[in-house]
Amino acid sequence: MSEMPKSYDPKLYEDSIYKQWEESGFFNPDNLNGEPYSIMMPPPNVTGVLHLGHALENALLDTMARYQRMLGKKVLLVPGTDHAALPTQAKVEKLLMQEGIKNPRQEFGREKLVEKIKEFAENSKSTILSQVKKMGTSCDWSRLAYTFDEDRSKAVNEMFKRMYDDGLIYRGYRVVNWSVTGQSTCSDDEVVHVERAAKLYTFKYNKDFPITIATTRPETKLGDTAVAVNPKDDRYQKYVGKTYHIDVGAAKLLEIKIIADDGVEMNFGTGALGVTPAHSPIDFEMYEKQKAKGDPIGIVPVIGLDGKMTEAAGKNYQGLTVEVAREKFVQWLKANNLLEKEEEIVQNVGTSDRFGDVIEAIPMTQWWLNMRQEIPGRSKSLKDLLREAVTTGLENNPEQTVYITPDRFKKLYLDRIDNLRDWCLSRQIWWGHRIPVWYRSTSFDSARDKSLTAGHEEIFCGTTDPKGDGWEQDPDTLDTWFSSGLWTFSTLGWPPRQAPSTWFETSRDKPNDLETFHPTSWIQMGYEIRDLWMLRMILMSSYALKQIPFKNVYFHGMLRDESGKKFSKSSGNNIDPLDVIQHYGTDALRWSVLSGIAPGNDSKFYEEKIVGARNLVNKLWNIARFISTTAKITTSNSIPTAVTLSDQWILARLNETVKTVTENIEKYNFSYAGEALRDFTWNDLADWYLEIAKIESKKDEILNYILPTLLKLWHPYMPFVTEAIWQEMFGGEKMLMVEKWPALFDIAASNVVQPDFTIIQSIITAIRAVRAEHKIEPAKKISVTVKTSDKKLFVANEEVIIGLARLDNLVFDAGYQKNNSTVGFVIAGMEIFVDLSGAVDVVKEREQLQNEISRIEPYIESLEKKLSNQEFTQNAPAEVVEAEQKKLNEAKEKLAKLINQQKQLL
RNA sequence: GCGCGCCUAGCUCAGUUGGUUAGAGCAUCUCGUUUACACCGAGAGGGUCGAGGGUUCGAAUCCCCCGGCGCGCACCA
C-alpha cells in the first residue's frame, strides 16, 4: 500500500477511476448477474451544458444505480440526450440572430438551418456526455441513446402510425396556442400563465345593439360572430336567435347572432359574452356546439400568424399589431360614445414557456392526439389508461401500477388527467421528427395553407416514404415530448423486429432488452415535468406495450440559491457544476446536492454546503488513513469479535447504521440515509471509537471489518473517494463498485450495550466540561473519584476514561465525602468528583450546583404531577408509565445527591 | 376561484404510526501545534416548534381557524 497523502485530492483520482470502472465492463448489465434493475436517465436537452439540476439528477440516479448494483442486481442505467426540438431551434436561432442574422429561417432555408442546429446539437451532446462522466454516473455507454437518432426516429414513426391507424391521431381545424415569436403552435402544457395588469372595457357594438358586453381584448371584437347569454337569463331571452348586422369598421359588417349557452355566468359582468370563435378556445367550442346544433355562427380570423390584424379586420386595422389595433378600436368606441366602463383588472394570460410572448389563439389545421376516444379493441381511452396506471394498475393488474413519491403528486396527476384535452402534436419548426404523413394534391403549397385549403385528395401515413409520384411530406414536426414519451422503451429495442406493423429492420442488437428491463424499475425527475413527461411516458407505454413505463417514480425538487431564487444565467447566480468539481471534487458535489433534500421539495444550495461536503469526504479519507496506519489491513470478511464495551458499542452502532441506511434508500430518503451515515462516521467512529483505538489495543480485526463496511455504505453517495480508498487498501484487484452491500449481522445484546457505553461517554464529556469551565490546561492531568457501589463498568473502561478525559488517576470510593477542592456531578446515579486541587471557587461551585438543582426540580415536579394523574396511569401504555416512573426515580436520586454535595461544600 | 406544499436555534434542515427536559450541520464564543484529519479536536451559548383555538392523560406531531411564503390547476368574458 502506498503512503496516503494528508488530504484527499479528487483530481488525482477521479478521471482514472472512472476509466477503470468503464473498462471493467460492469456498467453494462450484460456482464452482471442477478435480478434486472433498470433506470432511464432523463435525457438532458442538447441546448447547452449541464447545470446544477442535472448534477442533482445524476447524483440521484447514480446513487440508486450503485446501491442496486451492490445489492447484486443486473443494473442497467441508460444514458442519453434529447434533441429538444423547439428549445434547441429557439436557442440556435437566438444565437444566429446575435450574430446578426435577422431571420434565420428565411435566410438559411429549412435544410441549411437544420444543418446548423444539428451541428450545435452534436457539440452540445458531446459536452453533456462528458459532463455525465465527470459526475461519476455509472451508465452503460454501449446503450447510449438520443431521441433523434435512427432507432428512436423509427420508434417515433411507428408509434405515430399505430395511433393514426387506430384513429387516435387525427387532423383537425381548431383554435391552437400560437406563439408569434416562435412561429409555431405549442401544447397546453407549454403555456405558462402569468398575471398582468389589463383593462376591462364594457361597451356596445353600436347604439342600436341591445346588449352590453365586456372584454380585455377589444381588437378581437372585429371578429365577433355572436353574443352568448345564459339560457335562463330573463333579461336577454327575447333576443336569443336574432341576428344583427353591425358596422364596427371591419372589412364586412359584423353578423352577430344572439345565442344561449349554459357556460355564460349570469352574474358576471353584464351576463353577456361577445363570441370570437377564431381567437378564443372557449368561443371556438361554442362555435362547434352551434354547428352541431344546426344553428351555426361564423368564424372570422382577424389576427394572422404574424400577430397582426388581417384583411378581415378591415382597412383601418389591417397590418396593425394587436396592441395598436386595441387602442384604435377603443378610441373608436369612445368617439362613438359606446364605451360604458374602463376598469383596471389583473388577468392571467398564457405565454409561451420558450419564447415568452403572449400566446395568441388562432384557428389552424393541426395534428391532434385524441385522449377521450376509445382505443380499438380495448374499450377504453388513453385517458382511462392514464388513470388506471396509477390507481388499479393497467387492466386491473396490480403489478402494472406506477408508485409515485411523494404521494401527493399522484393527486395532482389525477386532477390533471381530469381536465386533459386533446394533445396538439404538430409544430411549425424544422428541428424535430417530421410528421410521417404525405399528401398528394395539386393545391397544397405550404403548411400555412393547410388551414385554408379544404381537404387533400390523398393522405398517406407510414413509417417510410410512400411509393409513387407527387407525394409531399407534411412540413411540420412533432412535439418533442412525443419522442420523450417513448424513452423507456425506444431505448430498449422497441419496436421489435417481428412487430406486426413493422417492416423495417432495427439496428438494435440486444433484442431481449425490452423483455428483460421493461417496465423499468425506477425513475427520477423534477416535478415541473410531471405532465410534460411522466404523463406522456405512461400514455405511450400503456398504449403500445400494455405496460407501465416504470414501477416507481421519484420527484425531486428544484435547487435554489440562498435567497430561494432559481439558478439561471440571466439572474447571475449560476453555479457551474464543473467549477464545483474542479474546486471540491465530484463526491463533494454529489453529497452537497443530496444532503438536505426531501422528495418533491425544493432545497437551497450554497457554497458552505459544498465546503461541508468536501470536509466530510476528507474526513472519510483520513479515517481510512488512520486505520491503515493503526491496523494491519487484511481482506478478511468475517464478523469480528467484540472484546471491550466500546467494541460492542461500535459494532452495534454500525449494524444499526447499516439498517437505517438500507431502509431509507429503499424509501428514497436519500438525505436521511446519508445523514445517518454521516453521523455514524464522524460522531461515533471518528470522534469516539478511533480515539479509543489509540488507547485500547488489538482493534485490527474490528477496524478491518468497519472500514470496508463503511466504504461500501458510502460508495453510492461518494463513489470516487470510496473507490480510491478501497484500492489504496486492498489493491486494484476487485472494485468496490461491485462489492456486496453490507448485511446485518447478529450482535448479542446490542441493545443493552449501547446505553452502557453512553454512560461512559457522558462521564467523559462531563469531565471535559469541568476542565473547560475551570480553564484547566489540556496538558494537565487530573484526578477523578467515582462514588459508586458497583465499579465493574469503570474498571472495564478505566483506560478509556483516563485517556479521553486526560486523567492521571481514577479512584473508586463508595464512601467518598466531597470537599472544597473537588467539583461534583451526578450521572446515571453515580457521583463523580473532579479534583481541582484547591482551584475550586466555592461560591461559584455552589451556584453551579444550585443551577443544576433548580433545573431538575421543576422536572421532578412535572413528572410527579404526571404520575399522580390517574388518567395518565390508566390510559398510557404500561411501558410509558414505567419509563416515566424510572425517570422520576432517577431524577429524585440525582437531586438528593446534588443537595448532599452542596451541603458538603463548606 | 379550487387545490397543494412550507413556516422548528442567526442560517439550512431532521424530528418516520402523539409519549426523554425538542435534535443535527453551518455560523457564533472559549480553549487547543494530544503525530488520521486545522478540510481538525474539546467545550459552551442559542428554540414559548408562525398566531389562536380544539381533541387527548399527554401535541412540534392529529383537527379547526387565522397569518406569512412558495407552487399548481382553472374558459370568468
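In what follows, every chain begins at residue 1, and chains take the letters A, B, ... in the order their sequences are listed. Everything numeric in this text was worked out from a predicted model, so none of it was measured.
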So what does [X] touch, heavy atoms closer than 4.0 Å: a base, only the sugar-phosphate, or nothing?
{"X": "A:Asp679", "answer": "nothing"}
{"X": "A:Arg217", "answer": "nothing"}
{"X": "A:Glu265", "answer": "base"}
{"X": "A:Pro406", "answer": "nothing"}
{"X": "A:Glu691", "answer": "base"}
{"X": "A:Arg416", "answer": "sugar-phosphate"}
{"X": "A:Ala228", "answer": "nothing"}
{"X": "A:Leu412", "answer": "nothing"}
{"X": "A:Asn875", "answer": "base"}
{"X": "A:Thr215", "answer": "sugar-phosphate"}

Complementary nucleotide of [N], counting Watson-Crick and G-U pairs under 3.5 Å:
{"N": "B:G10", "answer": "B:C26"}
{"N": "B:G18", "answer": "none"}
{"N": "B:U55", "answer": "none"}
{"N": "B:G32", "answer": "B:C40"}
{"N": "B:G46", "answer": "none"}
{"N": "B:G1", "answer": "B:C73"}

Parallel, tilted or perpendicular, as decided by the 30° and 60° cut-offs, for the rings of A:Phe203 and A:Tyr205: perpendicular
Mutual orientation of the aromatic rings belonging to A:Phe409 and A:Tyr527 [parallel < 30°, tilted 30-60°, perpendicular > 60°]: parallel
Hey, do the aromatic rings of [X] and [Y] have their centres closer than 6.0 Å?
{"X": "A:Phe555", "Y": "A:Tyr413", "result": "no"}
{"X": "A:Trp688", "Y": "A:Trp682", "result": "no"}
{"X": "A:Tyr13", "Y": "A:Phe720", "result": "no"}

Using atom [atom1] of each nucleotide, how far apart are [N] and [M] to the nearest Å?
{"N": "B:U61", "M": "B:G18", "atom1": "P", "value": "11 Å"}
{"N": "B:A77", "M": "B:G3", "atom1": "C1'", "value": "24 Å"}
{"N": "B:U33", "M": "B:A38", "atom1": "P", "value": "14 Å"}
{"N": "B:C62", "M": "B:A24", "atom1": "P", "value": "23 Å"}
{"N": "B:C63", "M": "B:C75", "atom1": "P", "value": "31 Å"}
{"N": "B:A60", "M": "B:G52", "atom1": "C1'", "value": "16 Å"}
{"N": "B:A14", "M": "B:G25", "atom1": "C1'", "value": "10 Å"}
{"N": "B:U35", "M": "B:G47", "atom1": "P", "value": "37 Å"}

Separation of atom [atom1] in [X] from atom [atom2] in [N], rounded to whole Å:
{"X": "A:Ile633", "N": "B:A36", "atom1": "CD1", "atom2": "C1'", "result": "13 Å"}
{"X": "A:Met4", "N": "B:U35", "atom1": "CE", "atom2": "P", "result": "19 Å"}
{"X": "A:Asn348", "N": "B:C73", "atom1": "CG", "atom2": "P", "result": "11 Å"}
{"X": "A:Glu777", "N": "B:U33", "atom1": "CD", "atom2": "P", "result": "10 Å"}
{"X": "A:Asp353", "N": "B:C73", "atom1": "CG", "atom2": "P", "result": "11 Å"}
{"X": "A:Arg560", "N": "B:C6", "atom1": "CZ", "atom2": "P", "result": "15 Å"}
{"X": "A:Gln347", "N": "B:C75", "atom1": "CD", "atom2": "P", "result": "14 Å"}
{"X": "A:Asp602", "N": "B:G72", "atom1": "CG", "atom2": "P", "result": "10 Å"}

Under-4.0 Å side-chain N/O to phosphate OP1/OP2 contact, [X] with [N]:
{"X": "A:Arg614", "N": "B:C39", "result": "no"}
{"X": "A:Lys609", "N": "B:U12", "result": "no"}
{"X": "A:Arg408", "N": "B:C4", "result": "no"}
{"X": "A:Thr765", "N": "B:G43", "result": "yes"}
{"X": "A:Lys411", "N": "B:G72", "result": "no"}

Under 3.5 Å, is there a donor-acceptor pair between the [X] and [Y] side chains?
{"X": "A:Gln885", "Y": "A:Asn889", "value": "yes"}
{"X": "A:Asp224", "Y": "A:Thr276", "value": "yes"}
{"X": "A:Thr202", "Y": "A:Glu340", "value": "no"}

Nucleotide nearest [X] (side chain, heavy atoms from C-beta), chosen from [options]:
{"X": "A:Leu863", "options": "B:A36, B:G43, B:U21", "value": "B:U21"}
{"X": "A:Trp682", "options": "B:A77, B:C57, B:C40", "value": "B:C40"}
{"X": "A:Val880", "options": "B:G43, B:A36, B:G19", "value": "B:G19"}
{"X": "A:Asn615", "options": "B:C31, B:C39, B:G43", "value": "B:C39"}
{"X": "A:Arg806", "options": "B:A42, B:G43, B:U34", "value": "B:U34"}
{"X": "A:Leu273", "options": "B:C26, B:A42, B:A77", "value": "B:A77"}
{"X": "A:Ala769", "options": "B:G43, B:G19, B:C37", "value": "B:G43"}
{"X": "A:Asn869", "options": "B:C57, B:C39, B:G43", "value": "B:C57"}
{"X": "A:Phe872", "options": "B:C40, B:G19, B:A36", "value": "B:G19"}
{"X": "A:Lys619", "options": "B:A36, B:A77, B:G32", "value": "B:A36"}

Closest approach of A:Val191 to A:Gly350 (non-hydrogen atoms, all atoms of both residues): CG1-CA, 3.5 Å
Base of B:C37 paired with side chain of A:Lys6 (donor-acceptor, under 3.5 Å):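 By the distance-only test, no, there is no pair.
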Greater than 12 external heavy atoms within 6.0 Å of A:Lys780's NZ: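 No - once you tally the heavy atoms of other residues, nucleotides and ligands closer than 6.0 Å, there are 12 at most.
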Contact nearer the 5' end of RNA chain B, comparing A:Lys667 with A:Pro778: A:Lys667
Earlier contact from the 5' end, RNA chain B, for A:Leu690 and A:Ser862: A:Ser862
